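For reference, the structure is listed below as structure tokens.
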Amino acid sequence: MLEDTSKTTEEREGCPFCSGKHKERTDAEYKDLMNRLKRIEGQVRGVEGMLENNAYCIDILTQVSAVTSALNSFNKVLLSNHIKTCVAENIRAGNDEVIDELTASLQKLMK
């Protein structure tokens, strides 16, 4: 069998930060999450611009706080979707290990 050379090593082997599991998202969920990330990306670029333009520290801190809030909001939406789909489906299928995975993830998120 020939190896697909059109993909990068990362695409073939998977993300080095990922568990190897995959999740099919609805178009609506995908678009919502991507829109949130794009806004966050813009906010971070804005903070970078503020720093480059020697903005006042408190002004930068205020914008960083907004980025943090936006990331927290992203996490809440993603976690809610995860519980409603992945966790619920696994429990229905008799895979209670997903509960341990969820509690371990929550412990990491709440540091």
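All residue numbers refer to positions in the sequence shown, counting from 1. Nothing here was measured: the structure is a model prediction, and the numbers come from that model.
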Heavy-atom pair with the smallest gap, counting every atom of Ile83 and Val87:
O-CB, 3.6 Å
Return the set of residues passing side chain to side chain donor-acceptor pair (under 3.5 Å) with Glu29 (not counting sequence neighbours), or none when no residue passes.
Asn81
Considering only heavy atoms from C-beta outward, does the side chain of Val98 approach that of Glu89 to under 4.5 Å?
no
Under 3.5 Å, side chain of Asn95 to main-chain N/O of Glu97, donor-acceptor pair present?
yes
With a 3.5 Å distance limit and no angle check, can you tell me whether Thr103 reaches the backbone of Ile99 through a side-chain donor-acceptor pair?
yes
For residues 67-75, please give each side-chain donor-acceptor pair under 3.5 Å, one per line with the distance, not counting sequence neighbours.
residue: Thr68; atom: OG1; partner: Val64; partner atom: O; Å: 3.0
residue: Asn72; atom: ND2; partner: Thr68; partner atom: O; Å: 3.4
residue: Ser73; atom: OG; partner: Arg36; partner atom: NH1; Å: 3.0

Between NZ of Lys31 and CZ of Arg25, what distance do you get to the nearest 0.5 Å?
15.5 Å
Applying salt bridge (charged side-chain N to carboxylate O under 4.0 Å, His left out), can you list everything that pairs with Arg92, at least two apart in sequence or on another chain?
none
What distance do Ile91 atom CD1 and Leu102 atom CG have between them, rounded to the nearest 0.5 Å?
8.0 Å
Could you work out, with side chain to side chain contact (heavy atoms under 4.5 Å, CB included) as the rule, every residue matching Asp59, not counting sequence neighbours?
Met50, Tyr56
Residues passing the salt bridge (charged side-chain N to carboxylate O under 4.0 Å, His left out) test with Glu101, sequence neighbours excluded, are Lys21
Verify the cluster assignment for Val77 and Ile40: are they in a single hydrophobic cluster under the rule of side-chain heavy atoms below 4.5 Å apart?
yes
Quick one: does any side-chain atom of Asn53 pair with a main-chain N or O of Gly49 as donor and acceptor, under 3.5 Å?
yes
Would you please name every residue forming a side chain to side chain donor-acceptor pair (under 3.5 Å) with Thr85, sequence neighbours left out?
Lys23
Transitive ILVMFWY side-chain link Val44 to Leu37, under 4.5 Å:
yes
Should Leu106 and Leu79 count as side-chain neighbours, where that means a heavy-atom distance under 4.5 Å?
yes
Rounded to the nearest 0.5 Å, what separates atom OG in Ser105 from atom CD in Gln107?
9.5 Å
